[in-house]
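Below, read A as the first sequence line, B as the second, and so on, with proteins coming before strands; counting in each chain starts at 1. Note that the coordinates shown come from a computational prediction; the quantities given were computed from them, not determined experimentally.
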Amino acid sequence: MSQSAVQVKGEAKKGVLKRSSKVERWLHVYKQLKKNKMAVVGAWIVAFYFLVALLAPIIAPYDPLQIDLVNKLQGPSWEHWMGTDDKGRDILSRVIYGSQLSLAVGSVSVLIGAVLGVMLGLIAGYYGKLIDTVIMRFIDILLAFPGILLALAIISALGPSLINVMIAVGIFSVPTFARIVRGSMLSEKKKEYVDAIRALGASDFHIIVVHILPNIFSPIIVQGTLRLATAILTAAGLSFLGMGAQPPSPEWGAMLSDGRNFLWTAPHIATFPGLAIAFIVLGLNLFGDGLRDALDPRSKK
Amino acid sequence: MFVFIIRRMLQMIPVVLGVILVVFLIMQMVPGDPAVLLAGESATKEQVAQLREQLGLNQPLYMQYFEYVKNVATGDLGTSVRSGRPVAEEIFTRLPVTVELAFWSIIVTTVLGLLAGIISATKQYSISDISIMIVALLGVSLPNFWLGLMLILGFAVNFQIFPVSGWGSFMHVVLPAITLGTAGAAIVARMTRSSMLEVISQDYIRTAKAKGVKQTYIVYKHALKNALIPVITVVGLQFGALLGGTVLTESVFAINGLGRLIIDAIRMRDLPVVQGSILVVSILFVIVNMFVDIAYRLLNKRVDLN
């Protein structure tokens, strides 16, 4: 065997090794996750909701917008498992269709927050100095708005609608992503491989996006999961206040808002959408916590 | 220490200026001409032009911002489009209600959270620990506006112990404060537990135990004092979430606080009121954060020595 063939073989082996170590890493994460019973419960809950959202047209027993005044304000029964609302619409069907809205609004807003936040965090952490100071002071200012007030301010300017809720909740999520990514970037950019790639003449953009970003992806995934819980909660809250989904849309927060007028006569209207929100948030929190423990053993107590 | 406090107070200035800038810029996103909006549809062109001149809308953006900062600094938050009253007046008639609600809620958050956390930590893996942690998990996940409705259903409709809505007596405070304080209590409980467990496992606690010091004495005199330090930061952060949460809670319980003022103003497109209220609540939060930082520093003297 010639020397070059040996070399090629060696390199091929290295490639295989590299790939298998990546697979092994994810297998390890998967095993860790499976060991964590709470995380498994969380994962099942989340999977269940996504399934319900996907299959909504098939599994919903009624049209969520179908008004049936004869059967209005009925309590749970065999015909209507969760009862009917003040317009006789089937609450179960509305809750099922509501999962589509909540998951979509939550996911889009987390995506908006993640893209903007990750970008700001990468730039601040990589370039440091003045750019870092300016970006992070800006993030501090966004964090100075208590809770949902920033989102409310944005909606007050853009006007109430689900699209604007996505934008508002997305911007509300920017600071968390920016801070986490910046922190990871600060430790990652000191590593030798970054110097090596730079010495080879790679551009900053190439270094950041192709080499550093994949290495700091796990905290972003964890944060994305946990933020999805917050985003769903916040979006439902905004719709509850009448700032998001408008009637007759089967949004959980909006349904709760309808239901509060009937707390005396038909308390089930406000009960079920609330439970739907609580369980998806619980599932995402459990899964996110488990994911964090599995991906980052240091944070484990 | 004195230097630290002064420095910390000065640090607030750029943040407050930034908050004003963000609110100012967000209001620039409002579609349409603000002068036309304010003057109403029946206004003539001359009237609109006059209003524009009067409001300084012809000036460059940064001049408008400086003007706005100057007005805010002198307590002039503009005039409500709807009521015609000064925004500052509208806000300060509502503010005490919201502050009172926030005060009782933070008491719920702190007392309930600390108690639950301490019990959990001192009886790790017991039934009470596990149940407290499960309740805490639920507490973080429940939407507080739903919790409020369920509390009304349980304790005001079915058992008529507390009033359904309104404000005034102590009985009015109970349900809203629980509604608003629960999520924070859950977070504080989890934080207290992990912080206590960390302290309890340390050498000096083991030494105290070996010396035969009583368990309760160890917990409250030695462990809690040190475990509290990280908890303070969490309580401070929770205060922010809580201030924002007053919007929802006040809406659920029909309390005429600042939160409801904001929502009503957004509905009626009364932008000066929205702008002013959000500004006031945010500045309040910035000030509270400063006090939290100072308290943290005072309690955590070891940081100073190093």
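- Identified by a heavy-atom distance below 4.5 Å to chain A, the contributing residues of residues 233-245 of chain B are Gly240(B), Ala241(B), Leu243(B), Gly244(B), in residue-number order.
- Within residues 257-266 of chain B, the residues approaching chain A closer than 4.5 Å by heavy atoms are, in numerical order, Ile262(B), Ile263(B), Ile266(B).
- Without hydrogens or angle criteria, Arg94(A) side chain to Pro64(A) main chain gives a donor-acceptor distance under 3.5 Å.
- For the pair Asn144(B) (side chain) and Thr179(B) (backbone), a donor-acceptor distance under 3.5 Å is absent.
- Between Ser249(A) and Gln246(A), every side-chain heavy-atom pair lies at or beyond the 4.5 Å cut-off.
- At least one donor-acceptor pair closer than 3.5 Å links the side chain of Arg82(B) to the backbone N or O of Met268(B).
- Considering only heavy atoms from C-beta on, Tyr68(B) comes within 4.5 Å of Ile20(B) through its side chain.
- Residue contact with chain B, scored on non-hydrogen atoms closer than 4.5 Å, involves the backbone and the side chain of Phe145(A) alike.
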Is there a salt bridge (charged side-chain N to carboxylate O under 4.0 Å, His left out) between Arg8(B) and Asp293(B) once you walk through the steps? CA-CA 8 Å; Arg8(B) 189 62 189 74; Asp293(B) 274 3; 2.8 Å; yes
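- Between Leu162(A) and Ser239(A), some side-chain heavy-atom pair lies under the 4.5 Å cut-off.
- With a 4.5 Å cut-off on side-chain heavy atoms, Met255(A) and Phe272(A) do not count as touching.
- Across Leu197(B), Leu248(B), Val247(B), the residue that shares the most heavy-atom pairs under 4.5 angstrom with chain A is Leu248(B).
- For the residue pair Ala227(B) and Met196(B), the shortest heavy atom distance occurs at CB-SD, 3.7 Å.
- If you measure heavy-atom distances from Ala229(A) to chain B, you find no contacts under 4.5 Å at all.
- In terms of heavy-atom pairs under 4.5 Å with chain B, the best-connected choice from Leu275(A), Thr234(A), Asn285(A), Asp289(A) is Leu275(A).
- Using a 4.5 Å heavy-atom cut-off against chain A, the contacting residues of residues 151-161 of chain B are Ile152(B), Leu153(B), Val157(B).
- Between Thr225(A) and Leu284(A), the shortest heavy-atom distance links the atoms CG2-O, 3.8 Å.
- Residues Trp81(A) and Pro76(A) form no side-chain contact, since every pair of their non-hydrogen atoms from C-beta on lies 4.5 Å or further apart.
- Under a cut-off of 6.0 angstrom, the local environment of CZ in Phe138(A) is sparse, with at most 12 non-hydrogen atoms contributed by other residues, nucleotides or ligands.
- For the residue pair Thr122(B)/Arg193(B), the side-chain donor-acceptor check at 3.5 Å is not satisfied.
- Proximity to chain A (any heavy atom under 4.5 Å) is restricted, for Leu271(B), to the side chain, taken from C-beta onward.
- Considering only heavy atoms from C-beta on, Ile269(A) stays 4.5 Å or farther from Asn261(A) through its side chain.
- Within a 6.0 Å radius of CZ in Phe279(A), no more than 12 heavy atoms belonging to other residues, nucleotides or ligands are found.
- Asn164(A) contributes no side-chain N or O that, together with a main-chain N or O of Ile155(A), makes up a donor-acceptor pair within less than 3.5 Å.
- You'll find the side chain of Asp258(A) stays beyond 4.5 Å of the side chain of Pro247(A), heavy atoms only.
- Crowding of Met9(B) atom CE: a count of heavy atoms from other residues, nucleotides or ligands under 6.0 Å not exceeding 12.
- Heavy atoms closer than 4.5 Å to chain A are found in the side chain of Val164(B), but not in its backbone.
- The pair Asp140(A)-Arg179(A) meets the salt-bridge criterion, since a charged nitrogen lies less than 4.0 angstrom from a carboxylate oxygen.
- In this structure, the side chains of Ser105(B) and Pro176(B) stay at 4.5 Å or more apart for every pair of heavy atoms.
- Heavy-atom proximity under 4.5 angstrom to chain B picks out nothing from residues 166-176 of chain A.
- Val274(B) touches chain A through its side chain: at least one heavy atom from C-beta onward sits under 4.5 Å away, while N, CA, C and O do not.
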